[in-house]
Amino acid sequence: MSFIEKIKENPRLKALLLYLLIPKNQARPRRWVKWFINPFIHHKGKRTIIRRRTRMDILPFNKFHIGNDSTVEDFSTINNGVGDVYIGDRTRIGLGCTLIGPVKIGNDVRLAQNVVLSGLNHQYDDVSLPISEQGVTTNQIVVEDEVWIGANCVLLPGVTVKKHAVVAAGSIVRRNVPAYSVVAGNPSKVMKLYNRETNMWEWKI
C-alpha cells in the first residue's frame, strides 16, 4: 500500500493533511503550498502565460499540467481539488472561464469567455443531510484537439468533445459531441457536420 493510499484510508490523518494544505471551508491552497510545493510538482510549459488575476486552486495531491505556448486569461479559475486538470499546447482559456477537474483539454483549443467545464457533481440523494455533507462524484470531461467552445457554454461531467468540433455560444453540453460538427442549444444538438466527400459543412436541421 502506497503512502497516499494509507493517508486516504485514515480519516484523522487525511483531515490533518487537508487542514495543512487548505484553510477550513475553502477551495484554494495555503500560500506555502503555492510557493513551495506546486512549482516543483506541477508542469507549466515553455512560453505559457497564466495571467496574474487567474485563481489557481491547485493542490499537490492531484495533477496539473499545461503545455507549451498556452494562455489562461484573467478572472479564470482552475481547480484540481477532486481531479486532474490537463491543458495541452497552444490552447487559450478565455476571460472568466472555470475548469474543475477531472478535465483534459487537447492542443490548439479555444475557449471563449465564461466557459464552464466541471467534472464534479454534488450528491443529493439523502434528504436528511445537507447536500454539502454528501460528498461528490466525478467524471472526466475531455476536449480533443482543435475544438472551439463559444462564450457562456457549460460542459457537464463525462462529456467528450471530439476533434475540430464547434460548440456555439450559450450551449449546455450533456452528451458527447462528434468530430467535425457544430452543436448548439440547451441541451445542445448537432446543427452541422463536415462532409469529407463534398468538402463542405452541411446543415443537419
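These values consider heavy atoms only, across backbone and side chains, with no hydrogens, waters or symmetry-generated copies.
- To the nearest 0.5 Å, the span separating OG on Ser76 from CZ on Arg53 amounts to 12.5 Å.
- Taking the centre and axis of the six-membered ring of Tyr19, the NZ or CZ atom of Arg30 falls inside the cone set by 45° and 6.0 Å.
- Under the 4.5 Å side-chain contact rule for hydrophobic residues, Trp35 and Leu59 share a cluster.
- Screening Thr54, Thr98, Leu95 for a side chain to side chain contact (heavy atoms under 4.5 Å, CB included) involving Phe75 leaves a single residue, Leu95.
- To the nearest 0.5 Å, atom CG of residue Asn80 and atom CG of residue Asn62 are 5.5 Å apart.
- The hydrophobic clustering, which links ILVMFWY residues whose side-chain heavy atoms are closer than 4.5 Å, places Val82 and Ile105 apart.
- Residues in residues 88-107 take part in these salt bridge (Lys or Arg N to Asp or Glu O under 4.0 Å) pairs, two or more places apart or across chains: Glu73-Arg92, Arg90-Asp108.
- The backbone N or O of Asp126 sits less than 3.5 Å from a side-chain atom of Gln134, completing a donor-acceptor pair.
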Return all side-chain donor-acceptor pairs below 3.5 angstrom for residues 161-173, not counting sequence neighbours, or 'none' if the list is empty.
from	atom 1	to	atom 2	distance (Å)
His164	ND1	Glu146	OE1	2.9
Ser171	OG	Ala168	O	2.7
Ser171	OG	Gly185	N	3.2

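- A cation-pi arrangement is present between Arg196 and Tyr180 under the rule of less than 6.0 angstrom and at most 45 degrees off the ring axis.
- For the pair Pro29 and Pro23, the tightest heavy-atom approach, listed with the atom from each and the gap, is C-CD, 4.3 Å.
- Proximity of a side-chain donor or acceptor of Thr91 to a complementary backbone N or O of Val109 within less than 3.5 Å is detected.
- Within the 4.5 Å cutoff, the side chain of Arg55 has heavy atoms near those of the Arg28 side chain.
- Using modelled atom types, no side-chain atom of Glu144 and backbone atom of Gly106 make a donor-acceptor pair closer than 3.5 Å.
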